2 protein chains.
Amino acid sequence: MPDTDHPYSNHVEPARTPDNVIKALSIDNLIFGLDHGQLDVMLIKHREGISKGRWGLPGGWIRYDENLRDAASRHLHELTGVQNLYLEQLKTFGRLDRFPSERVVTIAYYALVSAEDYSLVAGNNAADASWFNIRELPELIYDHAEILQYGIEFLQQQVRRRPIGFNLLPEKFTLLELQELYESILGTKLDKPNFRRKIMKMNLLASCEEKQQGVAHRAAKLYRFDEQAYQALTEKGFSFEI
Amino acid sequence: MPDTDHPYSNHVEPARTPDNVIKALSIDNLIFGLDHGQLDVMLIKHREGISKGRWGLPGGWIRYDENLRDAASRHLHELTGVQNLYLEQLKTFGRLDRFPSERVVTIAYYALVSAEDYSLVAGNNAADASWFNIRELPELIYDHAEILQYGIEFLQQQVRRRPIGFNLLPEKFTLLELQELYESILGTKLDKPNFRRKIMKMNLLASCEEKQQGVAHRAAKLYRFDEQAYQALTEKGFSFEI
DNA sequence: AAGTCTTGTGGTCAAAAGGACAATAAGGCA
DNA sequence: TGCCTTATTGTCCTTTTGACCACAAGACTT
């Protein structure tokens, strides 16, 4: 074995380009939204580069002097106009042939939002930016279909174990909206009275002391997710389970 | 914004070194083992390079033409002699200053094994390789303490939700050994009769039709984890919960 | 104003799961 | 044999879950 193969020895500066990115390393964002009870994902159509005119996840290169999450936020903002989203790391994908012509490893981040809160604006580098229902996707570049599939399965698991689903709803929501969210993601039917009891017993919802407006039936109470209560319960070893 | 900042445009080959590694990207392995009911982690002492003589996680650079998991396996083998471990991706760490002098992003992998099955042999590139109790760790290089901490917390969560704990035990084990494993990782006490009922009801254990040998009391039956049964149950949507 | 449709909200009940703890069995050892 | 330790089974009670019923509250129709 050559001496140069020692771990962390043999330093050579990574390649830098005029805009100072690490050329072997990219970010891809998976932004999920809920629209009319259906799970959507945010995609962009590339304006330039080798994938011009095709749809893919909003992402791009990581700069040499930029933290990973910052890179994820920057690309999301530049490509879709969306800002101030809390992005969580999902997984790193690095199959040898995932990117054409050279080796690129990509770190996937994800976030969950209420789709109706975000009107997308294609940035300078994107020809288009739009929400897509996860069951009606266009063909995606590179291995983005694989990344998306992984993200959807991850979401289905996580949503039962952690109260991340609330991020997909507007600030104020009804119990039925919450239930339909879970039914939509999990692909099951849930019993209404039982669901509401289960949720309410967790003490994670705070009443807004308000009711729905303009519905053609009895208006439901509005609730919001009580972040503080969740923090307090988490520290006591509480575990969210649907 | 310069034209060169377009996502995935502006191709430049990544830096390559004589041994053909990507210099911005490394692997670090978290190998957990159980020894006398205590959780251990595998560390190596570096022989060369900028961290010579100090302890760290077994890892190193990723080659340009090597898949991520293959890189993880290769480094583990070269540094500790351990082979054929199923490594699972944990998380990618990329803080700007995590590595001295240049930007390096590292992908952490982990595995769980029965510590007694693995006698470590320091490879050519390691001055030493050894198990350490996670409560009695030496000072670690770079951000390896942070990575390890993340891994331990991840393990505590996962062990309750997926039957990964079995990997920490020998092929054949008693129910009490299994219980003590959970007590050790979770830091709690569990009721023996209730624990055994809960486990047995899952139908994940196959009896070895054998008993413990050489114990100074009634010998317990030996069981092994039934991989097939687990696969079958998983497909039916079974969820493991302790 | 009465009727009816839709959705919200509370209740019941039986089955299942969980947890505390007593009781018995098996094997080694003095 | 009696004693000690751990394995294993049993019992009882509480909590949780899931299925389903019933009624309440608006809003719309006629």
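Values below: all heavy atoms of this structure, side chains included; hydrogens, waters and symmetry mates excluded. In what follows, chains carry the letters A, B, and so on, assigned in the order in which the sequence lines appear, proteins first and then strands, with residues in each chain numbered from 1. Bear in mind that the values here come from a model prediction, so they are computed numbers and not experimental data.
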| task | May I ask you to decide if the ring planes of W55(A) and F132(A) are parallel, tilted or perpendicular, using 30° and 60° as cut-offs? | result |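 W55(A) vs F132(A) ring planes: perpendicular.
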| query | Using 30° and 60° as the class limits, which term best fits the ring planes of F240(A) and F166(A): parallel, tilted or perpendicular? | reply |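 Ring orientation of F240(A) relative to F166(A): perpendicular.
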| message | Heavy atoms only, 4.0 Å cut-off, all strands: where does L176(A) land among base, sugar-phosphate and nothing? | response |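 Sugar-phosphate, backbone atoms only, no base.
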| message | Suppose the criterion is salt bridge (Lys or Arg N to Asp or Glu O under 4.0 Å): which pairs have a residue in residues 223-234 of chain A, not counting sequence neighbours? | response |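 As it turns out, there is no salt bridge (Lys or Arg N to Asp or Glu O under 4.0 Å) pair with a partner in residues 223-234 of chain A once direct neighbours are skipped.
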| message | Enumerate the salt bridge (Lys or Arg N to Asp or Glu O under 4.0 Å) contacts for residues 164-180 of chain B, please, sequence neighbours excluded, ordered by first and then second residue. | response |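 Every salt bridge (Lys or Arg N to Asp or Glu O under 4.0 Å) pair that includes a residue of residues 164-180 of chain B, provided the two are not neighbours, is K172(B)-E210(B).
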| query | Earliest and latest nucleotide of DNA chain C, 5' to 3', sitting under 4.0 Å from a non-hydrogen atom of chain A? | reply |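 With heavy atoms of chain A under 4.0 Å away, the range is dT6(C) to dT12(C).
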| message | Checking side chain to side chain contact (heavy atoms under 4.5 Å, CB included) between T92(B) and each of L68(B), T106(B), V105(B), which is the one that passes? | response |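 Testing T92(B) for a side chain to side chain contact (heavy atoms under 4.5 Å, CB included) against L68(B), T106(B), V105(B) leaves exactly one candidate, V105(B).
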| request: For a side chain to side chain contact (heavy atoms under 4.5 Å, CB included) with L155(B), tell me which candidate from L90(B), L39(B), L30(B) qualifies. | output: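 Going through the options one by one, the only one that passes is L39(B).
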| message | Can you list everything that forms a side-chain contact (heavy atoms from CB on, under 4.5 Å) with H77(B)? Sequence neighbours excluded, please. | response |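 Checked H77(B) against side-chain contact (heavy atoms from CB on, under 4.5 Å); matches are Q83(B).
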| field | Test side-chain contact (heavy atoms from CB on, under 4.5 Å) applied to P170(A) - qualifying residues, sequence neighbours left out | value |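 Counting only residues at least two positions away or on another chain, P170(A) forms a side-chain contact (heavy atoms from CB on, under 4.5 Å) with S114(A), E116(A).
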| task | Any pair with a residue in residues 126-137 of chain B that passes side chain to side chain donor-acceptor pair (under 3.5 Å), sequence neighbours left out, goes on the list, sorted by first then second residue, please. | result |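 Checked against side chain to side chain donor-acceptor pair (under 3.5 Å) - neighbours excluded - the pairs reaching residues 126-137 of chain B are Q38(B)-N133(B).
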| message | Taking side chain to side chain donor-acceptor pair (under 3.5 Å) as the cut-off, I'd like each qualifying pair that reaches into residues 147-159 of chain B, sequence neighbours left out, listed once. | response |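 Sorted result for residues 147-159 of chain B: Q149(B)-E153(B).
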| task | Give me the residues of residues 159-172 of chain A where at least one heavy atom lies under 4.0 Å from an atom of DNA chain C, by number, or none. | result |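 Contacts with DNA chain C under 4.0 Å: none.
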| said: Under 4.0 Å between a side-chain nitrogen and a carboxylate oxygen: does that hold for E183(A) and K189(A)? | reply: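 Yes.
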| query | Is E146(B) paired with R98(B) through a side-chain N to carboxylate O contact shorter than 4.0 Å? | reply |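 No.
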| message | For DNA chain D, which residues of residues 187-214 of chain B approach it to below 4.0 angstrom with any heavy atom? | response |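 Only K192(B), P193(B), R196(B), R197(B) qualify.
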| field | For R162(B), all residues meeting salt bridge (charged side-chain N to carboxylate O under 4.0 Å, His left out), sequence neighbours excluded | value |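 So R162(B) forms no salt bridge (charged side-chain N to carboxylate O under 4.0 Å, His left out) with any residue.
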| Taking C-beta and beyond as the side chain, do E88(A) and I164(A) meet within less than 4.5 Å on heavy atoms? |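 Sidechains of I164(A) and E88(A): no contact.
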| request: Please give the angle, rounded to 10 degrees, between the axes at the start and the end of the helix from dA1(C)-dT30(D) to dA30(C)-dT1(D), where five pairs define each axis. | output: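 Taking five pairs per end, the axes differ by 10°.
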| task | Under 4.0 Å from any heavy atom of chain B: name the first and the last nucleotide of DNA chain D that qualifies, 5' to 3'. | result |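 Span of nucleotides near chain B: dT5(D) to dT11(D).
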